[in-house]
Amino acid sequence: MGRKFFVGGNWKCNGTTEQVKKIVSTLNGGEVPSQDVVEVVISPPFVFLPLVKEALRPDFHVAAQNCWVKKGGAFTGEVSAEMLVNLSIPWVIIGHSERRLMLKESNEFVGDKVAYALSQGLKVIACIGETLEQREAGSTVEVVAAQTKAIAGSRPCVSVVSFVTCLDVRFVGYFMYRTLTVTGLKDCICFFYKSKVSNWADVVLAYEPVWAIGTGKVATPAQAQEVHSELRKWLQANVSPEVAASTRIIYGGSVTAANCKELAAQPDVDGFLVGGASLKPEFIDIIKSAEVKKNA
């Protein structure tokens, strides 16, 4: 079965109550492909999450734009994953470049936030992407691979395994085991690395080149496809072929009704994370670009 097209609308820090009601009304009246063709997730500011969730059509879902890295407590201004679950918010955006750059969220911090959100039952839109300087330096693939590695992550663990009689390195599910046997002993110490992501069906990777976000510039279809393809290769080599084949990798960065169909036609582009255009009626046309993939 192919990867279902995914379109996210990131409203960022925009909107008043009346503006939000108007946008939701437009979305509710739009004719879009069915849920078996496209998954649509709308991400308003925190203060409007209950309003949007209540008023939005049932075939669209809602996402928060961020959540804290651990359980709530004395963290002024933050919103915990538990709070989002309590509000029945299914999705959260984590690692957007605006937070990475302006709030200095490191790869490791983003990876920890993704892991905690997933552990609490949220689904995650995990953002990655390079700056213009990094692209011009030829380090795009290196940068997004490092960001993805922090999201996929690993936690070192130690266990004791019985009746292992050889030196062995193998993958079992999402665990990598390295076992060392001492001659004459029935048990051995097993060092293994547990992935931060136990179910990749709950993760959508959003490739957003920083130089294309809100600038009017957009990666060409060939540029987007190249990076998405490299990300899929990374997943195949470092997680599993099954995860590489099934994980949705979406594109973000000045996506509009005018360029979405050509981008959607690329084999490794599985949808979009849309910023400014998600506040406009043209967002409906971007959702409709899912038909391009369906008919491919």
Side-chain angles (χ1 to χ4, degrees), residues 6-32 38-68 72 75-105 113 117 122-127 129 204 206 208 210 212-218 250-260 271-289:
F6 186 101
V7 178
N10 179 12
W11 293 1
K12 304 189 180 183
C13 189
N14 290 293
T16 63
T17 299
E18 290 308 311
Q19 289 170 339
V20 165
K21 289 179 179 178
K22 184 176 180 180
I23 295 169
V24 170
S25 177
T26 299
L27 293 174
N28 288 349
E31 294 185 8
V32 300
V38 61
E39 184 170 7
V40 181
V41 175
I42 306 300
S43 186
F46 283 121
V47 293
F48 297 125
L49 280 171
L51 170 62
V52 174
K53 184 177 185 300
E54 177 67 24
L56 192 64
R57 57 196 290 172
D59 54 333
F60 287 8
H61 300 290
V62 179
Q65 295 179 15
N66 179 51
C67 68
W68 184 232
F75 307 107
T76 301
E78 289 294 342
V79 174
S80 71
E82 290 87 350
M83 291 174 180
L84 298 178
V85 171
N86 181 250
L87 290 177
S88 298
I89 304 298
W91 286 90
V92 62
I93 298 172
I94 293 179
H96 194 281
S97 64
E98 290 157 0
R99 298 191 64 87
R100 289 178 183 266
L101 295 175
M102 290 187 280
L103 301 179
K104 309 302 181 185
E105 294 191 355
K113 287 172 73 172
L122 293 171
K123 298 179 181 181
V124 175
I125 302 167
C127 301
V204 170
E208 296 195 299
V210 179
I213 298 175
T215 63
K217 298 179 181 178
V218 61
I250 63 177
Y251 171 79
S254 298
V255 177
T256 66
N259 60 33
C260 61
F272 304 112
L273 183 57
V274 185
S278 68
L279 299 165
K280 304 173 184 178
E282 69 177 296
F283 187 60
I284 296 295
D285 294 321
I286 296 173
I287 297 171
K288 290 180 179 178
S289 68

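Side-chain atoms are counted along with the backbone in the values below, which use heavy atoms only and exclude waters and symmetry mates.
Tyr251 is linked by a ring pair (Phe, Tyr, Trp, His ring centres under 6.0 Å) to nothing, counting only residues two or more places apart in sequence or in another chain. Annotation: side chain to side chain contact (heavy atoms under 4.5 Å, CB included) contacts of Val38 (sequence neighbours excluded): Phe5, Val7, Pro33, Val40, Ile287, Ala290. Scanning for side chain to side chain contact (heavy atoms under 4.5 Å, CB included) contacts around Ala81 gives Cys67, Tyr116, Gln120, Leu122, with sequence neighbours left out. With sequence neighbours excluded, no residue satisfies side chain to side chain donor-acceptor pair (under 3.5 Å) with Lys53. For Thr16, the side chain to side chain contact (heavy atoms under 4.5 Å, CB included) partners are Glu18, Gln19, not counting sequence neighbours. The side chain to side chain contact (heavy atoms under 4.5 Å, CB included) check on Lys123 picks up Trp91, Asp202, with sequence neighbours excluded. For Ser97, there are no side chain to side chain donor-acceptor pair (under 3.5 Å) partners, not counting sequence neighbours. In terms of the salt bridge (charged side-chain N to carboxylate O under 4.0 Å, His left out) criterion, residue partners of Glu98 (sequence neighbours excluded) are, by chain and number, Lys12. With sequence neighbours left out, Glu39 forms a salt bridge (charged side-chain N to carboxylate O under 4.0 Å, His left out) with Arg248. Trp11 pairs by the ring pair (Phe, Tyr, Trp, His ring centres under 6.0 Å) definition with nothing, not counting sequence neighbours.
Phe272 and Cys260 get closest at one heavy-atom pair: CZ-O, 3.3 Å. Shortest non-hydrogen contact noted between Pro44 and Ala63 is CD-O, 3.6 Å. Val92 and Ala117 get closest at one heavy-atom pair: CG1-CB, 4.1 Å.
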Starting from the C-alpha separation in whole Å, work towards a yes-or-no answer on side-chain contact (heavy atoms from CB on, under 4.5 Å) for Gln65 and His96. CA-CA 9 Å; Gln65 295 179 15; His96 194 281; over 6 Å; no
Run the numbers on Ile89 and Met83 for side-chain contact (heavy atoms from CB on, under 4.5 Å), then give the verdict. CA-CA 9 Å; Ile89 304 298; Met83 291 174 180; over 6 Å; no
Apply side-chain contact (heavy atoms from CB on, under 4.5 Å) to Phe48 and Asn14, showing your working. CA-CA 10 Å; Phe48 297 125; Asn14 290 293; over 6 Å; no
Taking it one step at a time, do Leu84 and Leu49 satisfy side-chain contact (heavy atoms from CB on, under 4.5 Å)? CA-CA 9 Å; Leu84 298 178; Leu49 280 171; 4.1 Å; yes
Considering only distance and modelled atom types, tabulate donor-acceptor pairs under 3.5 Å from the side chains of residues 20-31, sequence neighbours left out.
from	atom 1	to	atom 2	distance (Å)
Thr26	OG1	Lys22	O	3.2
Asn28	OD1	Arg57	N	2.8
Asn28	ND2	Ala55	O	2.9

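Of the possible donor and acceptor atoms, one in the side chain of Arg100 sits under 3.5 Å from a partner among the backbone N and O of Cys127.
Sorted pairs that involve residues 278-288 and meet salt bridge (Lys or Arg N to Asp or Glu O under 4.0 Å), not counting sequence neighbours, are lacking altogether.
Distance check: Ile250 CD1 to Leu273 CG gives 5.0 Å after rounding to the nearest 0.5 Å. Distance check: Glu78 CD to Phe46 CZ gives 7.5 Å after rounding to the nearest 0.5 Å. Atom OG of residue Ser254 and atom CG of residue Asn259 lie 8.0 Å apart, to the nearest 0.5 angstrom. We find the CD1-CG distance between Ile93 and Asn66 to be 9.5 Å, quoted to the nearest 0.5 Å.
Inter-residue side-chain proximity for Val32 and Ile284 is flagged as met; some heavy-atom pair is nearer than 4.5 Å.
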